[in-house]
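Here the structure is laid out as structure tokens; the discussion comes afterwards.
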Amino acid sequence: MAEIRNYTMNFGPQHPAAHGVLRLVLEMDGETVVRADPHVGLLHRATEKLAESKPFNQSIGYLDRLDYMSMMCNEHAYVRAIEQLLGIEPPPRAQYIRTLFDELTRFSNHLLWIASCGIDLGAMTVFLYAFREREMIMDMYEAVSGARMHAAYYRPGGVYRDLPDKMPPYKETRWTKGKDLKRRNEWREGSMLDFIEAFARDVPGKIDEYETLLTNNRIWKQRTVGIGVVSPEKALQMGYSGVMLRGSGIEWDLRKKQPYAMYDQVDFDIPVGVGGDCYDRYLVRVEELRQSARIILQCVDWLRKNPGHVMLKNFKVIPPTREEMKDDMEALIHHFKLFTEGYCVPAGETYCAVEAPKGEFGCYLVSDGANKPFRVHFRAPGFAHLSSMHELARGHMLADTVAIISTLDLVFGEVDR
Amino acid sequence: MEFSNSRQKFAANQRSPGKGMSDTTKAISELFASRFGDRVKVGPTVGGIVSIEVEVGAWLEVCRILRDEDEFGFEQLTDLCGVDYLSYGQSEWETDDASQEGFSRGVEGLGPGRFDWADRPESAGVKQRFGVVVHLLSFRNNHRLRLRCFAPDEGMPIVPSLVEIWSSANWYEREAFDLFGIVFEGHPDLRRIMTDYGFTGHPFRKDFPLIGNVAVRYDPQKKRVVYEPVEIESRVGVPRVLREDSRYKADEVDQAADATAEQIASGEAVTGEQDRKDG
């Protein structure tokens, strides 16, 4: 009789459904997964060690490159940790702008998730739909910070600059002109807030479009219902946060439970799943899209009514403006010191967490009183989620691991750091 | 003027981070002292997170109590990381004394990131060099806690593993082992996780060079990936400086909180001035 043995296979590191560089070593019994052993670290860039060799502000750009699908939320955790050690509080307008951009970031992250998850499970159209809307958020990023993705927009003490008065329109090209150009620039005639408002009023209809494609789709349900079920107890034990936790029925959202920025001033609901499977996590994310749109509108409303500063006036931490430097010796000295040496943060340690789109993104910062962090550690939600891969995938079919990896919402920038 | 009004309103409404929890922090500190006695040391509280230091011998027992007893109820280990306290509080640029010659150049000394593999400094008998820092979260009581445990032997740092208590510790401990060389006793699968297969050394230790020790490239002649010693120069632009700042002298928790309030108030005063200037 032939000897029957389990088969070990590599899933990745170059696999389109691995969402980056995941090497998953699977031990298979026929089509069934017996053991899943993720090998991570292929994108390890030692961000935490690099941050130790630079003044505090110079590392903000690295934060964008951790979870490169939710850039500003990462910055938010780091910037808040510095602010907490320095004992400074940004002005309310900056706090509202941060709330606004955190939600836009969540929106763009969930759009990308719904797009890539759709493609992983064979739904092509939703990808095209979602990228249409995501492009507008990229435009907002660009208008406010100059960069489409790696914004480095949040700074200790506020945000780098106020929202622009004018949203840059599309220029006429050989392909975009006349009526088409006019239609594309329809929302872009006013200020940036007008553009964001038009966007946020329009998107609930767009979300309906995605739902038409997926929510009651037979194939979609067959691929996701009952796959990768996590009980609430397991979810806590395995260090889950964010959607993974809410999908399992635990009502926990840092924006409500430990509010930061202006989340205690805006009105929104937390969606919670019942079954803890891939389908519930999908439903929770879709509902979060709708809630984000709600928060965005409230922030736009407040920002319109309350002009003001977006940065603290504190030359010890925040550089003076160019104009101030031209006729003020003190400002010039402070500028020089800040850009050659940076600011010293008082000795101490803190842990600041934000509700990033993927879960709890935390920043543990230890300062010994120097101009560089002594130790900084980033708590990435994806790292904890991926560590439970074996628990989730055991007993499922090979094709289901794709659905599971997909709904974990992994980005290897943050898992590997 | 509308702005300054809203600013005041903001100051009235604003809840400083973790304020909801801070009423209970004092009670929690007392609770720890009475429950664990001298096995734990209660440290300062920043941002509503109590920080306690646990002896390595009591590590597992304290953690188990923190998870199981209702008054603590920490269901989740949110984060675990290693910290290397070598060179803590050291400056690369001494500017204490004025002299005829002026200040020293900032590039002197073997600060972090200023040495290569061959010249890496010897760690000379630093007590309490490696620490394991854990962040716990209680969903029931909505509070966080920071635990710290120092490995007793800096040559071979060993700390008991928490995997039995919180399974989320598994990968975090693998990471701390990989990056700091802290051995977690009782861990079921203590492999490297972040670094390359066959890597030597523990890269996040303070005596590990920032530029690393080996570089990897594809060799077209040998038709395979080869490992070579790094050739790049170590380059750190800004020297590490510690500045005594009288504004941050406050050690006590309460004083720190007062400083925050003061800062907000002074920020308000400055912005108010700005308003006048604008108007």
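Chain A is the first sequence line, chain B the second, and so forth, proteins listed ahead of strands; every chain is numbered from 1.
Heavy-atom distances place the backbone of Ala380(A), and not its side chain, under 4.5 Å from chain B. Contact of Asp196(B) with chain A is not made at all, since no heavy-atom distance falls under 4.5 Å. Heavy atoms closer than 4.5 Å to chain B are found in both the backbone and the side chain of Pro38(A). Residue contact with chain B, scored on non-hydrogen atoms closer than 4.5 Å, is absent for Tyr260(A). There is no contact between Ser388(A) and chain B, counting heavy-atom distances below 4.5 Å. Contacts of Leu179(B) with chain A are made by side-chain atoms alone, with heavy-atom separations under 4.5 Å and no backbone atom involved. When heavy atoms are compared at a cutoff of 4.5 Å, Glu341(A) approaches chain B by way of both its backbone and its side chain. In this structure, the portion of Thr340(A) lying under 4.5 Å from any heavy atom of chain B is its backbone and not its side chain. Using a 4.5 Å cut-off between heavy atoms, Arg205(B) contacts chain A through its backbone alone, with no side-chain atom that close.
The two residues Asp368(A) and Leu242(B) have their closest heavy-atom pair at O-CD2, 3.3 Å.
A donor-acceptor pair shorter than 3.5 Å cannot be found between the side chains of His202(B) and Asp178(B). Inspection of the His390(A) and Asp37(A) side chains reveals no N or O donor paired with an N or O acceptor under 3.5 Å.
When each of Glu75(B), Glu175(B), Arg192(B) is scored by its heavy-atom pairs under 4.5 Å with chain A, the top score falls to Glu175(B). Of the listed residues (Trp166(B), Tyr88(B), Tyr85(B)), the greatest number of heavy-atom pairs within a distance under 4.5 Å of chain A belongs to Tyr88(B). Interface check for chain A: of the options Leu80(B), Thr195(B), Leu137(B), the most heavy-atom pairs under 4.5 Å are formed by Leu137(B). Counting heavy-atom pairs under 4.5 Å between each of Ile250(A), Asn371(A), Val366(A), Leu50(A) and chain B puts Asn371(A) at the top.
With hydrogens and angles disregarded, no donor-acceptor distance shorter than 3.5 Å links the side chain of Ser138(B) to the backbone of His143(B). Judged by distance alone, with hydrogens and angles left aside, the side-chain atoms of Lys234(A) form no donor-acceptor pair with the main-chain N or O of Glu391(A) at under 3.5 Å.
Between Arg375(A) and Glu48(A), at least one side-chain nitrogen of the basic residue sits less than 4.0 Å from a carboxylate oxygen of the acidic one, meeting the salt-bridge criterion.
Considering only heavy atoms from C-beta on, Ile318(A) stays 4.5 Å or farther from Pro156(A) through its side chain.
Taking the six-membered ring where the residue is Trp, Tyr197(B) and His39(A) present tilted rings, their angle falling between 30° and 60°.
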Discussion item. Using side-chain contact (heavy atoms from CB on, under 4.5 Å), reason through Met238(A) and His385(A) one step at a time and then give a plain yes or no.
Written reply: CA-CA 8 Å; Met238(A) 296 195 291; His385(A) 296 160; over 6 Å; no
